[in-house]
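To start, the structure itself, in structure tokens.
This structure is a prediction, so every number in the text was calculated from the model and none was measured.
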Amino acid sequence: MLSFTAVRKKEKALFLIAWSSIAVNLTLFVLKVGFGWYFHSYALVSDGVHSAGDSVTSAIVIFSIFIIRRKPSRQHPFGQQRMEEVASVIIAVLLAVAAIELLIPGIHSLIIQKETEITLHWSLWLVAIFSIILKEVLFYITKYIANRYDSSLMHADAWHHRIDSITTALLFPAFIGSYFHIYWLDSAMSIVISLFIFKEAIGLLYTSVVSLLGTRVKDEILIAVREAAMKTEHVFRIHDLIIHQYGNIFYVSLHVEISSSFSVEAMHDIAADVASNILEILPEYSDCNVHVDPIPLDSPRYKELSQIFKEFVKTHADIIVDYHDLYLRGDRDKEVINFEMTMKETDVTKYPELKKKIASMLVPHCGNSVLSFKLEPDHHIF
């Protein structure tokens, strides 16, 4: 979870690495194409064009950052933070295309066993080695930033740098293989490496698409939000905690249980304090909605039932996570016990049968009271 300052640092880091990448790629383009054309090395010329193409992915990074930085608006009330995942998908697709572009010529060359002799010159080696060093430095710096700020976009761009260094390194087997007349070596290595790159591209694509579809936030964020809510005075417990993440923006919704002895105004103030405590730990533009559940904490009957339910949940921990929203209606002769239970079972089609089972197990503990309750899955409840 990033603070407002950390978000700004992340954006500056992304800008810096993206512009550095463009500068490096354009420099390598000039060197590779220039030396390749002068010494008639078409492989080096092709590699230079590939370096120029990598500038496109860096341009995508810069463009996406401009979009991400836009504030929430009427048209985009949640902001445009998910542009990072969209850009990651685009780069992942480009990675897959680059892998296929390596794979097809490699298979073709391996089948026809074409013998291509390359005239070696020390300057060609020097340009290739210089290119690999620069691209590997960019790879490790970009990967470090990606890990530090949990950026799928930077992770995708890092692997584009790694691919460029790998494709350049493939020149060496071509040089050496040609010298010793082992012409299939370059093709075989190209096939193996292209399959590895394709696998990485599919992994990046899957991660980005899953993130776009929406996933459970990290446990550390859930824990931080829960602790911020529970530290608020007079909050007995929380439940139905739901957190939606849109890039660096979080939208939190939760229920807090408060003693029903408080006035409506006091409950509102407590809810406002809960929201304030949560928003203090979240980035700018995040929002929090707090629902208050009044609980008769001072009622002897509530205390009695609360203890019964605690023991019941403990005994049936294999199917039940917890209970909440326990409140009573009517007198003891016509008592209605209302509550909700969070289940480990996420298949809601099984809930009618589970509900009957739970009701039959609770009846001996609750006497003639009417049980009115519902079950819910443990998707986002903490």
Side-chain angles (χ1 to χ4, degrees), residues 213-219 221-223 225-227 229-230 232 234-244 251-262 264 267 270-271 274 278 288-382:
L213 292 175
T215 57
R216 175 187 172 101
V217 297
K218 294 181 178 180
D219 285 344
I221 298 174
L222 285 166
I223 293 171
V225 170
R226 186 181 188 280
E227 289 179 346
M230 289 302 298
T232 309
H234 305 304
V235 172
F236 175 64
R237 66 193 297 178
I238 72 167
H239 59 87
D240 287 356
L241 172 58
I242 303 173
I243 304 178
H244 293 289
Y251 290 86
V252 180
S253 173
L254 75 157
H255 289 221
V256 295
E257 295 184 3
I258 302 171
S259 174
S260 57
S261 62
F262 287 103
V264 174
M267 289 183 185
I270 294 171
V274 171
I278 291 174
C288 179
N289 181 42
V290 182
H291 177 85
V292 174
D293 292 327
I295 302 296
L297 295 177
D298 299 327
S299 166
R301 178 58 175 162
Y302 176 84
K303 292 179 180 179
E304 177 189 350
L305 286 173
S306 181
Q307 188 60 37
I308 290 173
F309 274 76
K310 285 179 182 177
E311 290 298 325
F312 184 79
V313 169
K314 185 178 179 181
T315 305
H316 301 88
D318 57 322
I319 60 172
I320 303 173
V321 178
D322 203 357
Y323 77 94
H324 52 268
D325 273 354
L326 174 62
Y327 64 96
L328 314 173
R329 288 187 297 161
D331 53 31
R332 190 66 181 263
D333 294 331
K334 296 181 180 180
E335 183 181 63
V336 178
I337 303 175
N338 296 270
F339 62 94
E340 296 179 14
M341 280 192 168
T342 306
M343 310 301 294
K344 287 187 176 180
E345 176 60 63
T346 57
D347 184 358
V348 295
T349 60
K350 297 180 180 180
Y351 281 10
E353 191 63 32
L354 276 173
K355 192 172 181 180
K356 292 179 182 178
K357 180 180 178 181
I358 290 171
S360 65
M361 290 188 294
L362 275 172
V363 166
H365 302 285
C366 300
N368 296 324
S369 299
V370 177
L371 299 178
S372 176
F373 67 99
K374 71 175 184 177
L375 308 180
E376 57 187 17
D378 185 30
H379 285 316
H380 39 241
I381 312 301
F382 186 79

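In summary, the side chains of His291 and Asp293 do present a donor paired with an acceptor at a separation below 3.5 Å, with no hydrogens or angles considered.
Side-chain atoms of Phe373 and Leu375, non-hydrogen and from C-beta on, do get closer than 4.5 Å to each other. The side-chain heavy atoms of Ser369 and Leu328, taken from C-beta on, include no pair separated by under 4.5 Å. Counting heavy atoms from C-beta on, the side chains of Ile243 and Val225 come closer than 4.5 Å. Here the side chains of Ile238 and His255 are not in contact, with every heavy-atom distance at 4.5 Å or above. You'll find the side chain of Glu340 reaches within 4.5 Å of the side chain of Glu376, heavy atoms only. Residues Ile258 and Ile295 are not in side-chain contact: their nearest non-hydrogen atoms beyond the backbone lie 4.5 Å or more apart.
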Next item on the list: Please lay out, stage by stage, how Tyr302 and Ser260 fare under the test side-chain hydrogen bond (donor to acceptor under 3.5 Å, both in side chains).
Entry: CA-CA 12 Å; Tyr302 176 84; Ser260 57; over 6 Å; no
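Evaluation of the salt bridge (Lys or Arg N to Asp or Glu O under 4.0 Å) rule for Lys350 yields Glu345 as partners, not counting sequence neighbours.
Residues Met341 and Tyr323 approach most closely at CG-CB, 4.1 Å, considering heavy atoms. Taking both residues in full, the closest heavy atoms of Cys288 and Ile278 are given as SG-CD1, 3.8 Å, listed atom of the first, atom of the second, then distance. When all heavy atoms of Val321 and Val313 are compared, the pair lying nearest together is O-CG1, 3.8 Å. Among all heavy-atom pairs drawn from Asp325 and Glu257, the shortest one is N-OE2, 3.0 Å. Taking each heavy atom of Ala271 and Val290 in turn, the nearest pair found is O-CG2, 3.8 Å.
Distance check, rounded to the nearest 0.5 Å: CD1 of Ile223 to NZ of Lys218 gives 12.5 Å. In this structure, NE2 in His234 is found 11.5 Å from CE in Met267, a value given to the nearest 0.5 Å. Note: Leu305 CG to Ile337 CD1 = 4.5 Å, rounded to the nearest 0.5 Å.
Put simply, the side chain of Lys344 never gets that close to the backbone of Pro377: no donor and acceptor are under 3.5 Å apart.
Ion pairing between Asp219 and Arg226 fails under the 4.0 Å rule for side-chain N and carboxylate O.
Between His239 and His324, the ring-plane angle classifies as parallel under the 30° and 60° cut-offs.
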